Amino acid sequence: MAFGTLQDVDIRGKTVLVRVDFNSPIDPTSEMILDDKRFREHIPTIRALEDGKVVIVTHQSRPGKKDFTTLASHAEKLERLIHRPVTYIDDIFGRTAHEAIRTMRAGEILMLENVRFNAEENLTMKPEDAAKTHLVRRLSEMGDLFVNDAFGTAHRSQPTVVGIPRVMKTVAGLLMEREITMLSKVSSGAPHPITFILGGTKVDDSIAVADHVLRNGIADRILAIGVVGNIFLAAEGRAIGEPSRQLIESLGYTGEIQKARDILAQYADQVLLPETVAVREKGERAEYPVSGIPQDTPILDLGSESVRSMVDQIRSSGTIVFNGPAGVFEDPDFAIGTYELVRAAAGVEFSVVGGGHTAAVIEKMGLESAYSHLSTGGGACIEFLTGKKLPAVAALEASWEYFGR
Ligand SMILES: Nc1ncnc2c1ncn2[C@@H]1O[C@H](COP(=O)(O)OP(=O)(O)OP(=O)(O)O)[C@@H](O)[C@H]1O
Ligand SMILES: O=C(O)[C@H](O)COP(=O)(O)O
């Protein structure tokens, strides 16, 4: 690793600013946190800092969204999960925050207010400009060391992510380190054959990933499922039906069909498409070959034959990268494809999952421990898999180069 980690620093007695990503789904009426995965994943880092005074910096959602809210319930959630008191301060860098930190003792945990309440944190900036913001200057006065554990925000070039590392010694937390180690392994050191399963609705991301991993010889094959599969079927010239076409159009992905066609032109042997699909007919699941898809009803899942052949491909893989479901799995009649592929991938030697929906299915099936890694980053994971250097990683490296040695 070209950056510092917790092993490289002495925490004792220090005030440690820790950037985590507790951004989680919240019920808009009850304000209840609906999924605590990100909390659970950051706990090892927070525990590892118990010899210091831990000041947590995080965001929740973005300005303008319904779940852009204060962090009182986040502090309560963390307290319950970590079994230690967590003091919530409704301030980011004002006098109240300064005073609370000044009187902290080693072993205590404090959570500052939603850092995106400060307008500067919502700007995309170059690290050198981010370092000059009030937010970075004031926050950095409040600690001795910065730990960035927020892998979920690693693709954002925002002040706390890229600015603080320029002005303070910064190391990666345990989650950041694990995410980068596991995701890096996909492109170097993972057992072959390497199969990428690309599904769900975020077609542009999936096409970018497919293009990168095929062009660079990272993936041996791609299984295209969900709406991503429909795009590839359309690219192959299949009549996928009006509702599935309309969905692609409404998501703004019609232009992706040509990109899928270009991928098929170069890598046809490595991209596996559905051979059969499932639709709803008279209220029930019905299956058709892709040569005869009914034109008036949407594709909702893989057909059983396709499930079987994709399961075989998964079982013969050394590595699986799973991103996005095979169908509308929220409806039990159309969950078969997703569940069967998830079950098969759990048996593979090295298995990495990006995407919240897929991870939620895996957790619901109780298969979390059978997978090598469930990433906490949606956008960050995708950017990593498209071969981009994440701003947070570049900032960690530059900080270590400057302050670490
Ligand atoms: N054929 C299909 N038609 C319509 N929707 C589909 C189809 N296949 C999958 N989906 C939908 O895709 C959604 C999940 O896609 P998405 O790309 O958001 O998943 P993800 O990669 O796990 O991302 P996230 O991190 O946002 O959860 C599900 O709600 C599912 O119903
Ligand atoms: O959930 C995420 O993807 C991260 O918390 C980043 O959030 P953002 O997309 O609002 O920057």
Side-chain angles (χ1 to χ4, degrees), residues 1-22 38 41-59 101 104 106-107 109-110 112 115 121 125-128 130-133 135-189 373 375-377 380-381 383-384 388-405:
M1 297 261 176
F3 51 77
T5 66
L6 293 188
Q7 281 189 325
D8 300 310
V9 284
D10 184 5
I11 304 296
R12 270 170 303 173
K14 297 221 170 88
T15 302
V16 187
L17 299 179
V18 192
R19 178 64 160 102
V20 298
D21 185 344
F22 284 157
R38 283 184 166 172
E41 295 288 343
H42 281 300
I43 281 179
T45 299
I46 298 169
R47 287 224 169 97
L49 299 172
E50 66 185 0
D51 290 341
K53 305 166 194 174
V54 177
V55 178
I56 294 177
V57 179
T58 182
H59 71 277
I101 292 172
M104 276 177 93
I109 306 171
L110 188 144
L112 298 175
V115 69
E121 180 67 354
M125 306 176 106
K126 289 195 193 123
E128 55 271 32
K132 292 182 205 142
T133 57
L135 178 63
V136 166
R137 284 194 278 137
R138 300 292 303 278
L139 272 178
S140 59
E141 286 163 13
M142 298 178 0
D144 306 309
L145 174 73
F146 185 53
V147 174
N148 189 356
D149 207 30
F151 179 75
T153 324
H155 58 315
R156 302 287 180 220
S157 196
Q158 292 173 336
T160 60
V161 181
V162 298
I164 299 183
R166 272 185 86 92
V167 298
M168 291 178 82
K169 185 171 190 168
T170 301
V171 296
L174 298 172
L175 176 62
M176 179 72 88
E177 193 186 346
R178 182 159 54 92
E179 290 270 16
I180 292 165
T181 305
M182 294 308 241
L183 294 174
S184 303
K185 191 173 163 184
V186 172
S187 53
S188 81
H373 183 60
S375 179
T376 54
C381 177
E383 288 216 6
F384 197 101
K388 294 199 187 108
K389 178 91 164 193
L390 299 179
V393 176
L396 280 164
E397 289 175 358
S399 187
W400 196 241
E401 184 70 35
Y402 192 74
F403 296 105
R405 297 162 200 268

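All residue numbers in this chain count up from 1 along the given sequence. Source: prediction; values computed, not measured.
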Would you say T376 and E179 are linked by a side-chain donor-acceptor pair, where the criterion is simply a distance under 3.5 Å? yes
By ring-ring contact (aromatic ring centres under 6.0 Å, His included), F146 pairs with (sequence neighbours left out) none
**OP:** Determine, stepwise, if the pair T160 / V136 fulfils side chain to side chain contact (heavy atoms under 4.5 Å, CB included).
**Re:** CA-CA 6 Å; T160 60; V136 166; 5.7 Å; no
Side chains of V16 and V55 in contact at under 4.5 Å (non-hydrogen atoms)
no
For H59, the ring-ring contact (aromatic ring centres under 6.0 Å, His included) test, sequence neighbours excluded, returns none
Of all heavy-atom pairs linking F384 and I180, the shortest is CZ-O, 4.2 Å
Heavy-atom closest pair (A150 atom, V20 atom, distance to 0.1 Å) is CB-C, 3.5 Å
CG (L174) and CG (L49) are apart, to the nearest 0.5 Å, by 8.0 Å
Is the closest side-chain heavy-atom distance between T170 and F403 below 4.5 Å?
-> no
When every non-hydrogen atom of F151 is compared with those of A380, the smallest separation belongs to O-CB, 3.2 Å
- Between K185 and H373, is a side chain to side chain contact (heavy atoms under 4.5 Å, CB included) present by the stated rule, with each step listed? CA-CA 11 Å; K185 191 173 163 184; H373 183 60; over 6 Å; no
Hits for salt bridge (charged side-chain N to carboxylate O under 4.0 Å, His left out) against R138, two or more places apart or cross-chain, chain-then-number order -> E141
* Heavy-atom side-chain proximity of N148 to P165 below 4.5 angstrom -> no
- Item | Any side-chain heavy-atom pair of E41 and R178 under 4.5 Å | yes
Answer whether the closest heavy-atom distance between the side chains of L112 and I56 falls below 4.5 Å. no
Applying side chain to side chain donor-acceptor pair (under 3.5 Å) to E177 and not counting sequence neighbours gives none
- Item | Short side-chain to backbone donor-acceptor contact, S157 and M125, under 3.5 Å | yes
Closest non-hydrogen contact found for T133 with P159 is OG1-CB, 3.9 Å
Rounded to the nearest 0.5 Å, the CD1 atom of I164 sits from the CD atom of Q158 at a distance of 12.0 Å
Assess the residue pair I46 and I109 against the criterion (side chain to side chain contact (heavy atoms under 4.5 Å, CB included)); give the C-alpha distance rounded to whole Å, side-chain angles, the decisive distance to 0.1 Å, and a yes or no. CA-CA 9 Å; I46 298 169; I109 306 171; 3.9 Å; yes
Sorted by chain and residue number, the side chain to side chain donor-acceptor pair (under 3.5 Å) partners of D149 (sequence neighbours excluded) come out as H42, T45
Minimal heavy-atom distance between R137 and A131, with the atoms involved, is CG-O, 3.8 Å
Requested in this report: Show the numbers, then the answer: is there a salt bridge (Lys or Arg N to Asp or Glu O under 4.0 Å) between E383 and K389?
Outcome: CA-CA 8 Å; E383 288 216 6; K389 178 91 164 193; over 6 Å; no
Here the gap from S375 atom OG to L183 atom CG, rounded to the nearest 0.5 Å, amounts to 5.0 Å
(message) Could you check whether any side-chain N or O of S187 sits under 3.5 Å from a backbone N or O of S184, counting only pairs where one atom can act as donor and the other as acceptor?
(response) yes
Across all chains, not counting sequence neighbours, the salt bridge (charged side-chain N to carboxylate O under 4.0 Å, His left out) partners of R19 are E121
| Given side chains that start at C-beta, do those of L17 and V54 come closer than 4.5 Å, heavy atoms only? | no
Rounded to the nearest 0.5 Å, the NZ atom of K169 sits from the CG atom of L145 at a distance of 7.5 Å
* To do: Would you check if the side chain of D144 reaches a backbone N or O of T15 as a donor-acceptor pair within less than 3.5 Å?
  => yes
- prompt: So T5 and W400, side chain to side chain contact (heavy atoms under 4.5 Å, CB included) or not? Walk me through it.
  reply: CA-CA 9 Å; T5 66; W400 196 241; over 6 Å; no
Check your understanding: Just wondering, more than 12 heavy atoms not from E128 lying within 6.0 Å of its CD?
Key -> yes
The reported gap from CE in M176 to OG1 in T153 (rounded to nearest 0.5 angstrom) is 8.0 Å
Heavy-atom nearest pair, A130 first then G163, reads CB-CA, 3.7 Å
Any Lys/Arg nitrogen of R12 or D51 sitting under 4.0 Å from an Asp/Glu carboxylate oxygen of the other?
no
